[in-house]
Peer 1: 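First the structure, then my questions, so here it is.
Every value quoted in this text rests on a predicted model; they were computed, and no experiment measured them. In what follows, every chain begins at residue 1, and chains take the letters A, B, ... in the order their sequences are listed.
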Amino acid sequence: MYSGSYIAQQFVNGLNLGSIYALIAIGLTMVYGLLRLINFAHGDLMMLGAYIGLFIVTNAFLPLGAAVVLPMLAIGLVGVLVERIAYRPLRGAPEVAMLMTSLAVSWIIQNGMIMSVTAQPRSFRLPPGVNQLHQMGGVSFSTIDILSLALAVGLMALLTLFVRYTRIGIAMRAASENLRAAHLMGIHINQVIAVAFLIGSALAAVAGVLWAGKYGTVEPFMGFLPGLKAFVAAVIGGIGVIPGAVLGGYLLGFAEILFVGFLPPELSGYRDAFVFALLLIVLLIRPNGILGASNEDRA
Amino acid sequence: MRVRYAHLLNILVYLAVIVALLALAQGGLNNFYLRVLSTIGIYVILSASLNLTNGLTGDFSLGHAAFMSVGAYASAILTLPPATKAAMNAGLPVWLQELTLPFLVATVAGGLLAAALAVIVGVPVLRLRGHYLAVATLGLMVIVRVFANNWQSVTRGARGINGLPPHTNIWWTYAWAILTVYVVWRLVNSPYGRAMIAIREDEMAAAARGVSVFATRLLAFTIGAFFAGAAGALWAHLITAFTPNSFSFAITFNIIVMLVVGGMGSISGSIIGPVLLTLLQQALSRAETMLAVGGVPLYGLSQITVAILAILIMIFRRQGLMGGHEIRLPRLFTPLDEPSSADG
């Protein structure tokens, strides 16, 4: 059987992976809540964030904190720009048009990166200090594990406070409940949507840096699968609801680690297939997710 | 002349024209252009078949690459010589290892297997709509790729399959392209096709009028998958070597942009789109190597152009070039006993 420390180790791994999924899923769910759009380009914003992080880490004269803050700022702005240029002209257009556009934006970002930095994967090496391993009762984790968990949880707490107590946060919740009605009540929905893209993209950028730190490489297609999986996480938690995205992210992280860590190793290659099988099961059994309450026409 | 004969004669004349053009191409073009021509033919199959779900029924599927992959692997295993299979795909049952089938049979088998997968997957997935269906079908692509990568003993995993007999030529591709377009055209003008369009326009109303919505959507999905599988088989025997990653999002995206350019729901559009876009991409990929900056080719330029084109079309001409209309070929023979009111 599995030892206690093995289980604890898997728990730490699940927590780590879950934090990253949660960070990506938040942006997806915020945008979906407002625009009923699955932003397929969201994973690619994560990838861009990782590249900016790589640039900062390799030019070591900048402090490590900059490898988090600068990607957040830059990608937040990119997200706002993408919304302004590509999505806003399609406000109110049929769902298919929005879908098509977000696929195209994703494709532009990926190929733009291939054009400018080539498709060659690059290694993402953290400064030696943060990679230090700690042992605690047979469970090993590095400083970066703790830092990334603290960062993810801290950012999510900040977001919760923002959405709950600030004017624009309250406006965002109203708009996500009913965009038209919120507009009629005098809420500047363009501003709300821009802020949603800003925050969501910034969080995706953090996720990108954490992902790169965890797996050690960066390449132009790295955002595709995490982006899709984060959507699965958002659906599991109940899409459109921010706490749902967080819950779904952690559940998916744990489920994936369970699948890899506790099933026969021959199966571990099938983990991505397992994630989408999970999506289907959730959509068929509980299409609104765990925390979602709306009765939308999706199934 | 009777209606039926006039109709048949029209079709025969146009077929003869196409065959003559292909013979001309075969005689006059070099291998490179023949390959481009075959590629166009394969993309016509793909976009005409995807038009069934995405254009006519209104289901946004992103699963065509998955079905192509299934068709490619299935047909490859059927056409590879036994000696190669014994060395490369040791996990196959003995009877499959010793089996080598004609290309046509292998292509049909690839299509059938893809269609079978579509039925199995379609039953749960087609309960979803819109974005959810898009993500679920993208997920299908990921799942098929995961299996192709991990089922080493049959698919050779990431090493892929190579050394396929180069069976595909313009005759095969255009025969399949014409068949696909013909099937789609007959379907559109049949009660089944009308049911599909009714579902796209208003699902509730269609259901109220007695259209069995689920069965119709599954039919569109399955027929589309069959032709995608056949196209995958043709593709595999054109490039003669492929890996699980050959059937990626890039292909799906290309097909969808072709449909969008031509105009979703239009059969003529699903022919014009692939022709225009394949030619554009060929020209652009030449530009990629010519415009090399500091010796590094601008890979990705053609894809970016295509994607920007897609966004511009979504903003400024959402209905595409054809906008749901059709180009009708002039009827050369009209029936004597009936004035020209009958729909050709």
Peer 1: Suppose we screen for ring pair (Phe, Tyr, Trp, His ring centres under 6.0 Å). Which residues come up paired with A:Trp107, at least two apart in sequence or across chains?
Peer 2: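 Listed in chain order: B:Phe249, B:Phe253.
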Peer 1: Find out whether B:Ile143 and A:Asp272 are in side-chain contact, i.e. whether some heavy atom of one side chain is under 4.5 Å from a heavy atom of the other.
Peer 2: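 A side-chain contact is absent here, since even the closest heavy-atom pair is not under 4.5 Å.
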Peer 1: Under the salt bridge (Lys or Arg N to Asp or Glu O under 4.0 Å) rule, collect the residues that match up with A:Arg271, sequence neighbours excluded.
Peer 2: A:Glu256
Peer 1: Using 0.5 Å steps for rounding, measure from the NE2 atom of B:His131 to the CE atom of A:Met98.
Peer 2: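 Here the interatomic distance stands at 6.5 Å.
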Peer 1: Rounded at 0.5 Å granularity, tell me how far CG in B:Asn150 sits from OH in A:Tyr270.
Peer 2: 4.5 Å
Peer 1: Just how far is it from atom CZ of B:Arg318 to atom CE of A:Met100, taken to the nearest 0.5 Å?
Peer 2: 12.5 Å
Peer 1: Taking atom CZ of B:Arg127 and atom CG of A:Leu280, what is their separation to the nearest 0.5 Å?
Peer 2: 10.5 Å
Peer 1: Highest number of heavy-atom pairs under 4.5 Å with chain B: which of A:Leu279, A:Asn111, A:Leu90, A:Val232?
Peer 2: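 Of A:Leu279, A:Asn111, A:Leu90, A:Val232, A:Asn111 has the most heavy-atom pairs under 4.5 Å with chain B.
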Peer 1: Tell me, side chain or backbone of A:Phe40 under 4.5 Å from chain B's heavy atoms, or both, or neither?
Peer 2: side chain
Peer 1: Is it the backbone or the side chain of A:Phe224 that comes under 4.5 Å from a heavy atom of chain B, or both, or neither?
Peer 2: side chain
Peer 1: Mark yes when over 12 heavy atoms from residues, nucleotides or ligands other than B:Arg317 sit less than 6.0 Å from its CZ; otherwise mark no.
Peer 2: yes
Peer 1: Nearest 0.5 Å, please: how far is CD1 in A:Ile85 from CD1 in B:Ile311?
Peer 2: 9.0 Å
Peer 1: Just jot down the side-chain hydrogen bond (donor to acceptor under 3.5 Å, both in side chains) partners of A:Asn178, sequence neighbours excluded, or say none.
Peer 2: none
Peer 1: Are there residues of residues 55-68 of chain B whose heavy atoms fall under 4.5 Å of chain A's heavy atoms? If so, which?
Peer 2: B:Phe60, B:Leu62
Peer 1: Please report the shortest heavy-atom distance between B:Ala307 and A:Ile108, naming the atom on each side.
Peer 2: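 Taking B:Ala307 first and A:Ile108 second, the nearest heavy atoms are CB-CG1, 3.3 Å.
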Peer 1: For the pair B:Tyr132 and A:Tyr32, name the ring-plane relationship: parallel under 30°, tilted 30 to 60°, perpendicular over 60°.
Peer 2: perpendicular
Peer 1: If you draw a 6.0 Å radius around CZ in B:Arg286, do more than 12 non-hydrogen atoms from other residues or ligands fall strictly inside?
Peer 2: no
Peer 1: With a 4.5 angstrom heavy-atom cut-off, is it the side chain or the backbone of A:Ala93 that approaches chain B, or both, or neither?
Peer 2: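 The answer is both parts of A:Ala93.
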